[in-house]
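Please find one structure pasted underneath; my questions will follow.
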Amino acid sequence: MPRTLPDQPLRPATLLVRGGQNRSSFDEMSEALHLTSGFMYESAQQAEDTFLGNVQHYQYSRFGNPTIEALQNKLAALEGAEACRVTASGMAAVHSTMLSHLKAGDRVVASRALFGSCHWIVSSLLPRYGIETVFVDGTDLDQWRDAFRTPAALVLLETPSNPMLELVDLPAVAEMAHAAGAIVVVDNVFATPLLQKPLELGADVVVYSATKHFDGQGRVLGGAVLGTKKWVDEVLQPFIRNTGPSISPFNAWVILKGLETLHLRIPAMCANAEKLAAFLASRPEVSRTLYPFMDSHPQQALAKKQMSAGGSLVTFDIEGGKEACFRVLNGLKLIDISNNLGDARSMVTHPATTTHMKVGAEERGRLGITDGTVRFSVGLEDPQDLIDDLSQALDGLRATSGGRAGGVARAASPER
């Protein structure tokens, strides 16, 4: 028989390696990969009792699977949540959370600083179903306060936000939201459960793209939704069961294995990001550098209050707009151009022409995304090699502009 885990609370590193164990009768060390669409029953009566809910038995991998359950149990233990459901992607996690909870006539309040697809759901999809949506500047508590003068059903926010690394005061917003009748849904992808615990700060539901840091090696897609057992069982699970945004057992297994090193990767990536942010702030071609734990970040105090480290993302602006930005990105020899993040390999993206293209120029302006903005996901390479690569790319920009630097380094502006 497999041994049970100790009764006392376990620390994150141990949970990442040992949590969510779901061994089969063969007592395997590594979690078993149950690649099956369906399950057999001992009798027709057992099948009926299973569908009636009188007995616990796996039915169909769209409803549940031992490998998927192991991932859910591990993530719930890590997050400190009562329950978890994993999905086929991060966006499946976001849309399942919202559509399972909302109905026509409801009202949603969202921070304007959202990932492009999340922004589309709030601005374009929900109104089709008769759901009112309101955007606010997530950094402005007065705007939140005004929005909650009318009852609401759900709040969606990111902190830090994608890609401008804005912070939202979670306890303050959660208190106002709950008074207005809303549940608070937090996209915690950039912070991960190792750097920030939204449930402890007042959130009701936490969503993740497991594609990012959880896998951490760019292999598979996945998402996760965490909250109370009652909400997950009664609201979310029926939606997932009947609409099918299910993760494959293989992807769940890959993410399970990726999680075993999360506690080693995240601190190393944060340390690298701090060094890269300091370097970028020193370059004359870079007009703005954003990193939550930098002294120049307008919300550094809030970041340090809510997070244990600054994260693996750095955002910066290159003087000269899109043309200069593309020259620098195309001049990189080590760092990849990609719209993914949270990978062991460092990568950059140009949000205005990729992840946030469809929110429109006017909305990008409100968010502070310029044609020179670069989102930098810092990986596990030696930081000096990353600095060297950025140096030669930025030097190339200086050379092609006739020796003129694009500008001088400036502190991150609080203006959005």
Kindly say whether the aromatic ring centers of F326 and H350 come within a distance under 6.0 Å.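 They qualify: ring centres under 6.0 Å apart.
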Is any NZ, NE, NH1 or NH2 atom of the basic residue among E31 and K257 found under 4.0 Å from an Asp or Glu carboxylate oxygen of the other?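 Salt bridge between E31 and K257, a charged N being under 4.0 Å from a carboxylate O: yes.
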Pair F135 and H119, ring centroids less than 6.0 Å apart: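 Yes, the ring of F135 comes within the 6.0 Å limit of the ring of H119, centre to centre.
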Is there a donor-acceptor contact under 3.5 Å from the side chain of H34 to the main chain of T36?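 Answer holds: no.
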When you measure from the side chain of S161 to the backbone N and O of E158, does any donor-acceptor pair fall under 3.5 Å?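 Checked: no pair found.
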Between R145 and D140, does any side-chain N to carboxylate O distance fall below 4.0 Å?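 A salt bridge is absent here (no side-chain N lies under 4.0 Å from a carboxylate O).
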Is the shortest heavy-atom distance from the side chain of M98 to the side chain of V185 under 4.5 Å?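 With C-beta onward as the side chain, the pair stays apart.
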Do R283 and D395 pass the salt bridge (Lys or Arg N to Asp or Glu O under 4.0 Å) test, and can you show the C-alpha distance, the side-chain angles, and the key distance before you say yes or no? CA-CA 10 Å; R283 290 292 303 215; D395 289 345; 2.7 Å; yes
Cationic N near anionic O, under 4.0 Å, R107 to E132: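 Counted as a salt bridge, because a side-chain N and a carboxylate O are separated by less than 4.0 Å.
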Run the salt bridge (Lys or Arg N to Asp or Glu O under 4.0 Å) test on D388 and K333 for me, step by step, so that the C-alpha distance in whole Å, both residues' side-chain angles and the decisive distance to 0.1 Å come before the verdict. CA-CA 10 Å; D388 290 346; K333 299 178 179 178; over 6 Å; no
Step by step, would you call T14 with R18 a side-chain hydrogen bond (donor to acceptor under 3.5 Å, both in side chains)? CA-CA 6 Å; T14 306; R18 296 282 184 176; over 6 Å; no
Side chains of L276 and L390: does their closest heavy-atom pair fall under 4.5 Å?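 Counting from C-beta outward, L276 and L390 do come under 4.5 Å.
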Closest non-hydrogen atom pair between N339 and T349, with its separation: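 Result for this residue pair: CA-OG1, 3.9 Å.
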Are the charged groups of E363 and R112 less than 4.0 angstrom apart, N to O?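 Between R112 and E363 there is a salt bridge, with a charged N closer than 4.0 Å to a carboxylate O.
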If you define the side chain from C-beta out and look only at heavy atoms, does anything of L167 sit under 4.5 Å from M307?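 Result yes, sub-4.5 Å side-chain heavy-atom pair found.
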Less than 4.0 Å between a side-chain N and a carboxylate O, is that true for D317 and R288?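 Judged by the 4.0 Å cut-off on N to carboxylate O distance, R288 and D317 do form a salt bridge.
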Of all residues at least two apart in sequence or in a different chain, which pass the salt bridge (charged side-chain N to carboxylate O under 4.0 Å, His left out) check with R11?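 With sequence neighbours excluded, R11 shows a salt bridge (charged side-chain N to carboxylate O under 4.0 Å, His left out) to no residue whatsoever.
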SB check D343 R219 (cutoff 4.0 Å):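 Result for this pair is no, no salt bridge flagged.
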For a 4.5 angstrom cut-off between non-hydrogen side-chain atoms, does Y208 reach E79?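 SC-SC contact between Y208 and E79 confirmed.
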